[in-house]
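Letters A, B, ... are given to chains in the order of the sequence lines, protein chains preceding strands, and every chain is numbered from 1.
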Amino acid sequence: MPVRVQEGDFDISAEIRALRAGRNDVGAVASFIGVMRDFNEGSGVTELTLEHYPGMTEKALQQILDEAHGRWRLQDALVVHRVGCMRPADQIVLVVALSAHREEALAACAFIMDYLKTRAPFWKKERTPAGERWVASRASDDEAAGRWLGGEKP
Amino acid sequence: MPVRVQEGDFDISAEIRALRAGRNDVGAVASFIGVMRDFNEGSGVTELTLEHYPGMTEKALQQILDEAHGRWRLQDALVVHRVGCMRPADQIVLVVALSAHREEALAACAFIMDYLKTRAPFWKKERTPAGERWVASRASDDEAAGRWLGGEKP
Amino acid sequence: MATVQLLYFARLREVLGIERERVVLPEGVATAGELRAWLATRGGAWTTELDTKRQVRIAVNHDLADAAQPLSDGDEVALFPPVTGG
Amino acid sequence: MATVQLLYFARLREVLGIERERVVLPEGVATAGELRAWLATRGGAWTTELDTKRQVRIAVNHDLADAAQPLSDGDEVALFPPVTGG
């Protein structure tokens with residue numbers, strides 16, 4: 001299953017093994033793990049709650065993967081995103097892209113993260129010493145996603 | 001140890017775990033695995049032998065990591081490259097880059113692979129149905145490495 | 001007359017104090033943008049949060065929509081802040 | 001008089017049929033490029049493989065070097081084809 005939203009943790013080795021199973025034509029496995037930091041926007045963060053929009057989330061992630069498949073020759077790609085309560089150093093999201101060539105796998109991995117950051121309905125709420133707060137979206141994420149609209153392939 | 005050359009296989013989960021140990025400031029883990037394909041340049045490949053230049057290899061890989069650290073804010077980075085005899089679907093090389101931010105981790109990972117492909121003294125010899133052959137270098141690898149000389153940060 | 005299901009997420013859900021509601025669209029409210037403007041006339045937090053200067057995303061039937069997106073009877077319409085996953 | 005250790009790798013090692021040798025640099029051979037040109041005068045595969053039209057990389061003491069790199073007594077000089085790892 002190329003898209004999963006789950007409360008539990010994931011293991012990158014097991015995910016890559018399952019994705020590659022039965023394939024001898026893969027030359028490049030690019031992957032990205034987003035991890036919870038204990039610091040954000042100038043203050044300590046002790047806990048993170050990830051909310052999502054069930055139903056839309058899976059559809060949005062699948063659309064992002066479909067678009068990646070349209071842009072690069074990928075043998076497969078995967079997104080696993082966790083929801084619920086998380087602690088510093090916990091894994092939040094995993095993206096894996098398989099291709100014959102490294103340029104395409106790496107570009108697809110960056111693209112999927114950029115689009116996920118601006119199009120997939122997840123929201124983070126942080127607990128800090130000063131109380132809880134919703135994480136604000138970053139303009140730099142919109143810019144990163146915008147890079148791909150010109151059709152260039154960095 | 002940020003640079004390793006070894007005959008044995010590696011496990012990406014274990015490598016990432018060791019690299020991240022004791023750090024709560026990592027937000028992004030970008031990684032790349034180069035894998036042996038059963039097909040190259042128009043013919044089947046049944047076996048691959050990787051030769052290297054002991055002594056220079058470690059130094060060249062360390063220089064590449066040093067340059068990556070100079071270009072991006074990385075908390076740590078790792079290269080593991082195998083040598084010896086390999087079969088289709090075997091893992092050949094692992095690169096991991098840790099950063100607070102995904103853009104830097106992903107860019108560093110791509111950079112390290114591009115430089116490794118043109119500067120680290122490894123050579124591949126393939127066994128095909130027609131006999132053994134040394135893999136020819138690709139002009140596209142020189143171009144990929146050249147991209148980073150302008151000082152841009154894709 | 002079109003009836004739509006409204007969903008609110010994250011900060012918007014908390015500040016408005018509502019998770020979901022079913023509304024009958026009045027005359028002149030036929031697009032996502034018109035729906036937002038109409039909800040903003042409710043006053044209080046509704047007016048503040050749905051002001052055109054605030055960043056609010058709207059999804060219609062699980063797809064991100066722009067203000068011109070027409071609404072139909074039975075649509076699921078979600079309003080939420082810019083996403084912050086990953 | 002400078003003595004250097006020469007190493008050959010991969011296809012170059014196989015075609016030249018030699019893995020390593022110690023050579024005393026003659027008069028007029030003081031750089032990596034001059035060393036290569038001198039070795040190319042050995043004839044046969046040496047001349048073919050080290051021809052200036054062929055891509056040959058040279059490393060001096062474990063660092064990639066260009067043709068102008070000066071050589072010193074005791075240097076380890078490696079000649080090899082473009083690398084193909086990763």
Looking at A:Tyr53 versus C:His62, is the centre-to-centre ring distance below 6.0 Å?
yes

Are the side chains of A:Thr57 and A:His81 in touch, meaning some heavy atoms are under 4.5 Å apart?
no

Kindly confirm or rule out a cation-pi arrangement of C:Arg13 over C:Phe9, judged by NZ or CZ under 6.0 Å from the six-membered ring centre and within 45° of its axis?
no

Out of the candidates A:Asn40, A:Val135, A:Val45, A:Thr49, only one should pair with A:Lys124 under the side chain to side chain contact (heavy atoms under 4.5 Å, CB included) rule; please name it.
A:Val135

Whatever's closer than 4.5 Å to a heavy atom in chain C on A:Lys59 counts as side chain

Using heavy-atom distances under 4.5 Å, tell me whether A:Glu58 contacts chain C through its side chain, its backbone, both, or neither.
neither

Side chain, backbone, both or neither of A:Ala120 within contact of chain C (heavy atoms, under 4.5 Å)
backbone

